[in-house]
Amino acid sequence: MGEELMIAVYILAGVLGLCIGSFLNVVIYRLPLGMSLSKPASHCTKCDYVLRWYDNIPVLSYIMLGGKCRKCKQKISPRYMLVELFSALTYLLSVYMFWDISIVYAVLSALTSSVLICVFFIDLSHMIILDRFQIILLLFGVVAIFFDGYTAWYDHLIGFGAGGVLFLLIYYGAILLLKKEGLGFGDVKLAFVCGLLLGWQKFLLAMLIASISACICLIPARFKRGGEGKEFPFAPFITVGVFIALFFGEIIINWYLGILGL
């Protein structure tokens with residue numbers, strides 16, 4: 001593919017990622033509340049000011065408005081801009097990492113990233129993982145079996161079974177030993193679909209990253225006043241692990257095997 005055409009692909013991917021990120025903000029806010037994604041029009045949640053088109057330009061509008069509503073001047077969460085920026089980054093990464101291997105897989109990784117962003121922020125705010133996201137990721141996992149240029153099809157199936165069984169054991173083991181849930185059943189379902197999506201090698205890497213990041217963040221929180229006995233969402237850590245494994249898993253695994261001389 002010519003250099004000029006690839007530049008155009010990168011520009012389109014970045015712009016599309018920003019626009020998708022703007023829509024993801026709507027999904028993250030409205031879906032957990034049972035609201036329609038199309039009505040009402042985008043508005044300030046404080047004063048109900050209906051946003052004009054120039055208030056809805058990804059990233060630029062937030063910067064130009066100084067992170068505040070045009071009418072009531074209430075602060076707007078920086079999460080909105082961060083979601084748009086991270087969405088654009090994942091779309092650009094998808095092109096950079098996978099376009100030459102499989103255009104289908106590049107598109108798949110970008111769309112997967114969009115779903116994972118929703119899972120991350122919704123679980124962080126509401127401690128729920130909506131089943132519709134699980135179903136979408138399951139379908140993406142099936143597509144990945146046929147278009148993943150790195151991982152064999154049977155490794156995806158092993159990941160589906162092993163990932164789910166591992167989390168089922170943790171789930172029921174915590175109930176038997178601690179007499180309470182150690183993690184939500186939504187996390188178990190997420191492990192099933194992410195195992196299928198990544199394959200067992202990258203899934204194990206994702207779970208290692210998720211576990212380490214959870215320990216770093218949650219152990220100190222446990223010792224804070226009021227932290228003992230408090231429940232914390234685990235899906236955000238799973239999604240971080242899946243993001244890293246999806247884009248850089250092959251590099252990390254090969255580096256580690258090289259250290260071992262394998």
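Please read all numbers here as calculations on a predicted model, not as lab measurements.
In this structure, the side chains of Phe192 and Gln134 stay at 4.5 Å or more apart for every pair of heavy atoms. Counting only heavy atoms from C-beta outward, the side chains of Leu33 and His126 approach each other to under 4.5 Å. Here the side chains of Cys47 and Lys73 are not in contact, with every heavy-atom distance at 4.5 Å or above. Within the 4.5 Å cutoff, the side chain of Leu31 has heavy atoms near those of the Phe133 side chain. Tyr54 places a side-chain heavy atom less than 4.5 Å from the side chain of Arg70. Proximity of Leu116 to Thr112: side-chain heavy atoms (C-beta onward) are separated by under 4.5 Å at one or more points. Looking at Leu24 and Phe121, their side chains never come closer than 4.5 Å, going by heavy atoms from C-beta outward. Using a 4.5 Å heavy-atom threshold, the side chains of Ser109 and Phe247 count as touching.
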Cys217 vs Phe232, side-chain contact (heavy atoms from CB on, under 4.5 Å): CA-CA, chis, key distance, verdict: CA-CA 10 Å; Cys217 295; Phe232 296 93; over 6 Å; no

Stepwise side-chain contact (heavy atoms from CB on, under 4.5 Å) test for Tyr91 and Leu111: CA-CA 8 Å; Tyr91 275 60; Leu111 295 176; 3.9 Å; yes

Phe160 and Ile145: CA distance, side-chain angles, deciding distance, side-chain contact (heavy atoms from CB on, under 4.5 Å) verdict: CA-CA 11 Å; Phe160 178 71; Ile145 292 174; over 6 Å; no

Step-by-step side-chain contact (heavy atoms from CB on, under 4.5 Å) determination, Ile158 to Asp155: CA-CA 5 Å; Ile158 294 172; Asp155 286 329; 4.1 Å; yes

Step-by-step side chain to side chain donor-acceptor pair (under 3.5 Å) determination, Ser125 to Tyr29: CA-CA 10 Å; Ser125 299; Tyr29 176 75; over 6 Å; no

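In terms of modelled atom types and a separation under 3.5 Å, the side chain of Ser87 and the main chain of Gly17 share a donor-acceptor contact. Formation of a donor-acceptor pair under 3.5 Å by the His156 side chain with backbone atoms of Leu196 is found in this model. Side-chain atoms of Arg30 do not come within 3.5 Å of backbone N or O of Ile28 as any donor-acceptor pair.
For Met64, the CE atom counts as loosely surrounded, since its 6.0 Å shell holds 12 or fewer non-hydrogen atoms of other residues, nucleotides or ligands. Other residues, nucleotides and ligands contribute only 12 or fewer heavy atoms inside 6.0 Å of the CZ atom of Arg132.
When every heavy atom of Pro40 is checked against every heavy atom of Met35, the shortest pair comes out as CD-CE, 4.5 Å. Residue Ala235 comes nearest to Val119 through the heavy atom pair CB-CG1, 4.2 Å, listed as atom of the first residue, atom of the second, then distance. Contact between Gly163 and Ala191 at its shortest, heavy atoms only, is O-CB, 3.8 Å. Between Cys44 and Leu51, the shortest heavy-atom distance links the atoms N-CD1, 3.6 Å. Across all non-hydrogen atoms, the minimal contact from Ser61 to Asn56 is OG-N, 3.4 Å. The two residues Cys69 and Cys72 make their nearest non-hydrogen contact at SG-N, 3.5 Å.
Asp123 CG to Cys118 SG: the interatomic distance, rounded to the nearest 0.5 Å, is 12.5 Å. To the nearest 0.5 angstrom, Ile253 atom CD1 is 11.5 Å from Tyr150 atom OH. Taking CG of Leu108 as the start and CG of Asp148 as the end, the distance is 9.0 Å to the nearest 0.5 Å. Distance check: Ile7 CD1 to Tyr10 OH gives 10.0 Å after rounding to the nearest 0.5 Å. If you take CG on Leu37 and CZ on Phe23, they are separated by 5.0 Å, rounding to the nearest 0.5 Å. To the nearest 0.5 angstrom, Ile122 atom CD1 is 11.5 Å from Ile117 atom CD1.
Grouping the Ile, Leu, Val, Met, Phe, Trp and Tyr side chains by contacts below 4.5 angstrom, directly or via other members, places Tyr96 with Phe98. Note: the hydrophobic cluster containing Phe147 also contains Val95 (ILVMFWY, side chain heavy atoms under 4.5 Å, direct or indirect links). Residues Tyr62 and Leu82 do not share a hydrophobic cluster, clusters being chains of Ile/Leu/Val/Met/Phe/Trp/Tyr side chains in contact below 4.5 Å. Linking Ile, Leu, Val, Met, Phe, Trp and Tyr whenever their side-chain heavy atoms come within less than 4.5 Å puts Met6 and Leu92 in one cluster. In the hydrophobic clustering of ILVMFWY residues, with side-chain heavy atoms under 4.5 Å counting as a link, Leu204 and Ile212 come out apart.
Ring centroid separation for the pair Phe243 and Phe86 comes in under the 6.0 Å cut-off.
A salt bridge links Lys189 and Asp131; the closest N-O separation between the charged side-chain nitrogens and carboxylate oxygens is under 4.0 Å.
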